[in-house]
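Working notes, structure below.
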Amino acid sequence: MKAFVFAFLAIIGFSNCAKKVNNFMINDYQSIQGIKIGMPIDDALKILNKKHIVEKKKVTAFDDEPTSYEYEVANKKNERLFTFNAGYERNNKNKVFRIVLTNPTYVTPEGIKVGMNVKELKTKTKLKSANFNFQDGLYLLSSKFDGGYWIALDPKKQYNFKEKPLIKDIPDDLRIKGIVIF
């Protein structure tokens, strides 16, 4: 009997040592880990610098655009979690304007996460429209929140997307590379 109890306790002990996967639920489509759309960038940095690694990177798209910065957030294991940046207009300058989730640990209420393919995405949510341009790539806009899904494109393939492709014309095997919140 003692051997049975010992074996039972050992199995329970070893099962608790298994690596646990933590998923973070996106609850309101307005904030991630205390970083909220519209909050001052300085306040966001104060919150994040306590528990994450934050790297400020200069972003230059075109020479005639103003200099902007993107803040890349990683956990203490240096795994990239998300990025955020300020807007360009007077009302959103120096405030969190956009958050881009790039880590599959974040899950929407519909069960959507980075890495999921377009076919799965279409079964879990309604998409409003699609946008494509050569600078930013392909985005599928959500009908649930202000933002959408940044889609990974294979650089070796030729895509014939128009500026506003139809959702039905987006290949089902393409994958989400980011969830974008405005």
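Small disclaimer: the values here were computed from a predicted structure and weren't measured. The basis for the numbers below is simple: all heavy atoms, side chains too, and nothing from hydrogens, waters or symmetry mates.
- Checked by atom type and distance alone, the side chain of Asp136 never pairs as donor or acceptor with a backbone atom of Phe132 at under 3.5 Å.
- A heavy-atom distance below 4.5 Å is not found between the side chains of Phe24 and Val107.
- Scanning both residues, Glu70 and Thr83, for their nearest heavy atoms gives OE2-OG1, 3.6 Å.
- Side-chain atoms of Asp43 do not come within 3.5 Å of backbone N or O of Pro40 as any donor-acceptor pair.
- The environment of NZ in Lys76 is crowded: more than 12 heavy-atom neighbours from other residues, nucleotides or ligands sit within 6.0 Å.
- Rounding to the nearest 0.5 angstrom, the gap separating the OH atom in Tyr29 from the CD1 atom in Ile37 is 13.5 Å.
- Rounded to the nearest 0.5 angstrom, Asp146 CG and Leu141 CG are separated by 9.0 Å.
- To the nearest 0.5 Å, atom CD1 of residue Ile53 and atom NZ of residue Lys77 are 12.0 Å apart.
- Here Thr108 contributes atom OG1 and Met116 contributes atom CE; the two are 7.5 Å apart, rounded to the nearest 0.5 Å.
- Residues Leu48 and Tyr71 form no side-chain contact, since every pair of their non-hydrogen atoms from C-beta on lies 4.5 Å or further apart.
- Side chains of Phe145 and Ile26 form no contact here, defined as non-hydrogen atoms less than 4.5 Å apart.
- Using a 4.5 Å cut-off on side-chain heavy atoms (C-beta onward), Trp150 and Val114 make no contact.
- Pro165 has its side chain within reach of Leu138: a pair of non-hydrogen atoms, C-beta onward, lies under 4.5 Å apart.
- Under the 4.5 Å side-chain heavy-atom criterion for Ile, Leu, Val, Met, Phe, Trp and Tyr, Phe134 and Val180 are members of distinct hydrophobic clusters.
- Put simply, NZ on Lys164 and CG on Asn131 are 3.5 Å apart, with the number rounded to the nearest 0.5 Å.
- Ring geometry for Phe84 against Phe82 counts as tilted: the plane angle lies between 30° and 60°, on a 0 to 90° scale.
- Residues Pro109 and Asn27 share a closest heavy-atom pair of CG-O, 4.4 Å.
- Tyr159 is listed as a side-chain neighbour of Asp154, based on a closest heavy-atom distance under 4.5 Å.
- Of all non-hydrogen atoms in Lys113 and Ile179, the two that sit nearest each other are CA-CD1, 4.1 Å.
- Checked by atom type and distance alone, the side chain of Tyr139 never pairs as donor or acceptor with a backbone atom of Asn133 at under 3.5 Å.
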Contacts table for residues 120-128: side-chain donor-acceptor under 3.5 angstrom, sequence neighbours left out:
residue, atom, partner, partner atom, Å
Glu120, OE1, Asn117, N, 3.0
Lys122, NZ, Ile167, O, 3.3
Lys122, NZ, Asp172, OD1, 3.3
Thr123, OG1, Glu120, O, 2.6

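- Residue Lys46 qualifies as open at atom NZ: its count of foreign heavy atoms under 6.0 Å is 12 or below.
- The heavy-atom pair separating Ala86 from Asn94 by the smallest distance is CB-N, 3.7 Å.
- A distance of 5.0 Å separates NZ in Lys51 from CD in Gln33, rounded to the nearest 0.5 Å.
- When all heavy atoms of Val118 and Pro171 are compared, the closest pair comes out as CB-O, 3.6 Å.
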Under 3.5 Å, sequence neighbours excluded: what are the donor-acceptor pairs made by side chains of residues 95-103?
residue, atom, partner, partner atom, Å
Arg98, NE, Asn85, OD1, 3.1
Arg98, NH2, Asn85, OD1, 3.3
Thr102, OG1, Leu81, O, 3.4
Asn103, OD1, Thr105, N, 3.0
Asn103, OD1, Thr105, OG1, 3.0
Asn103, ND2, Arg80, O, 2.9

